[in-house]
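What follows is a single structure, written as structure tokens, with notes after it.
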Number of protein chains: 2
Amino acid sequence: MAQPAPHQVTSAEDIVLELTEAVHEHRVSPGMKLREDEVGDIFGVSRTVVRQALRSMAHTGLVSIERNRGAFVARPSVREAREVFEARALLEPKTARAAAERAGPRDILLLEEHIRQEHAALARDEAGPALKLSGEFHCEIARIADQHTIETFIRQLISQSSLVIALYWRRRNALCESHAHHALLDAFRSQDGDSAEELMKGHLLDLVSQLDLRDQQADTTSLREALLK
Amino acid sequence: MAQPAPHQVTSAEDIVLELTEAVHEHRVSPGMKLREDEVGDIFGVSRTVVRQALRSMAHTGLVSIERNRGAFVARPSVREAREVFEARALLEPKTARAAAERAGPRDILLLEEHIRQEHAALARDEAGPALKLSGEFHCEIARIADQHTIETFIRQLISQSSLVIALYWRRRNALCESHAHHALLDAFRSQDGDSAEELMKGHLLDLVSQLDLRDQQADTTSLREALLK
DNA sequence: GAGGCGTAAATTGTATACGATCTGAGAAAT
DNA sequence: ATTTCTCAGATCGTATACAATTTACGCCTC
């Protein structure tokens with residue numbers, strides 16, 4: 001039953017990383033139950049450590065914990081989905097500006113390599129990994145801006161965006177993405193903060209426009225939530 | 001030894017609230033050690049629950065946990081202090097705009113009452129409670145803007161600001177604060193988003209300008225950090 | 001067959017136990 | 001006197017044990 005761990009992990013942080021990657025790659029879906037024993041068996045640790053990891057992920061909004069009922073991969077509501085992208089709209093454009101103005105040759109190379117990997121994943125038709133890479137591109141920009149606090153927030157928002165996309169994405173093509181990332185890279189090359197800020201703003205609007213965020217309360221699991229919340 | 005809890009608490013979240021309030025009111029100082037069984041004795045719960053609370057607070061940046069060494073009230077570096085206010089500068093002005101445009105009579109009354117309490121605390125010369133209230137004013141604005149995700153971020157930043165102020169505040173007078181809050185309230189009354197945004201921007205710049213953020217690496221505890229980080 | 005009801009199994013919440021690591025005081029060496 | 005070493009006490013990290021709660025299945029009633 002308990003098949004050996006992906007690679008033997010020891011700490012709670014390792015479990016967070018494994019589970020987070022699984023969410024980002026859409027290998028686990030919103031709403032999926034995360035039983036403590038089960039996760040513990042998979043990674044070869046006791047529930048103590050699993051609980052740490054799950055609570056940690058609850059903090060970043062990837063997991064929602066319901067008392068006495070357990071942990072589930074979060075299911076952002078339409079409203080939460082909107083809020084995530086509104087928060088991104090406040091943080092990311094200005095961060096892209098700062099990053100563009102600071103970016104060194106080393107950063108440009110990293111971003112180029114990153115975009116190459118995105119293309120490669122898409123070429124191989126691996127939607128999950130492509131999506132994860134696409135998110136990491138945004139995190140990378142925050143890192144270049146050298147704003148650790150903001151980077152933490154953006155990471156969190158990217159994570160939640162991954163759930164939002166799983167729930168509300170219209171088409172299956174993520175092709176538009178790479179164009180936007182390419183354009184950003186150009187702005188970085190010429191250290192053009194203005195362009196970077198505008199491009200990021202537009203990119204985020206583009207993403208939202210591809211979502212289907214009409215109110216759709218009724219759902220399999222949401223009855224309980226509708227009555228209790 | 002173990003004197004009865006402030007009020008008997010049961011859950012980890014209660015401990016988080018108690019400790020957070022203590023930090024906001026500057027009853028505990030940055031760097032203070034938080035031993036697990038000491039905290040457990042105070043609140044009458046086992047280490048299991050205390051650890052949950054401490055890890056939760058580590059996530060919001062109020063506590064820093066060093067493996068095998070324990071939890072401490074966080075000591076933001078000068079750099080982190082700057083980053084906190086740069087993040088606030090990205091989030092709060094636009095949030096104040098949105099709040100001003102949405103604010104209803106009910107919200108105005110709440111803010112008025114809030115400012116009254118701030119004054120009262122200052123009049124009684126209770127610097128701690130006054131500071132806490134001052135922070136809550138900002139949180140209240142985020143709440144009025146009705147952006148839960150952003151509110152969470154702002155709460156976190158306010159918490160950390162509390163630590164920053166404890167470490168880097170120049171004067172002891174927090175008088176300027178209430179003027180700024182009053183001006184914001186006026187903007188809210190007239191639903192003037194533009195003013196609210198500008199006032200908040202200025203208010204934050206004002207706050208930073210009152211901090212002493214010169215590099216001052218050398219410190220009692222920072223030697224370890226300097227070598228390990 | 002549909003809908004409650006009750007009890008047993010499953011699952012989470014909390015406390016305790018035990019091993020690992022760190023801290024600090026005192027002795028020995030330079 | 002200073003430094004280094006040693007060892008006991010203190011503290012943290014993880015696993016396990018037990019209590020509280022929820023879930024699920026069978027049973028009864030209609």
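Hydrogens, waters and symmetry mates play no part in the numbers below; they use all other heavy atoms, side chains included. Residue numbers start from 1 in every chain, and the chains themselves are labelled A, B, ... in the order their sequence lines are given, proteins ahead of strands.
By the side-chain contact (heavy atoms from CB on, under 4.5 Å) test, Arg102(A) is found to be paired with Asp146(A), residues two or more places apart in sequence or in another chain being considered. By the ring-ring contact (aromatic ring centres under 6.0 Å, His included) test, Phe153(B) pairs with Phe153(A), sequence neighbours left out. Residues forming a side-chain contact (heavy atoms from CB on, under 4.5 Å) with Glu83(A) (at least two apart in sequence, or on another chain): Arg79(A), Gln147(B), His148(B), Thr149(B). Under the side-chain hydrogen bond (donor to acceptor under 3.5 Å, both in side chains) criterion, Glu112(B) pairs with Arg189(B), not counting sequence neighbours. Scored by the side-chain contact (heavy atoms from CB on, under 4.5 Å) test, Ser11(B) finds Glu13(B), Asp14(B) as partners (sequence neighbours excluded). Annotation: side-chain contact (heavy atoms from CB on, under 4.5 Å) contacts of Ala103(A) (sequence neighbours excluded): Asp107(A), Ile108(A), Ile144(A), Phe188(A).
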For residues 57-65 of chain B, which side-chain N or O atoms pair as donor and acceptor with protein atoms under 3.5 Å away, sequence neighbours left out?
unit_1	atom_1	unit_2	atom_2	d
His59(B)	NE2	Ser56(A)	OG	2.9
Thr60(B)	OG1	Met57(B)	O	3.0

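With contacts defined as side-chain heavy-atom distances shorter than 4.5 Å, the pair Leu122(A)/Glu118(A) does not qualify.
Within the helix from dG1(C)-dC30(D) to dT30(C)-dA1(D), the inter-axis angle between the opening and closing five-pair segments is 10°, rounded to 10°.
Atom CG of Asp14(A) and atom P of dG13(D) are 15 Å apart (whole Å).
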Margin query: What does the B/S/- profile of nucleotides 7-16 of chain C look like, 5' to 3', with a 4.0 Å heavy-atom cutoff to protein?
Written below: ----SBBBBB
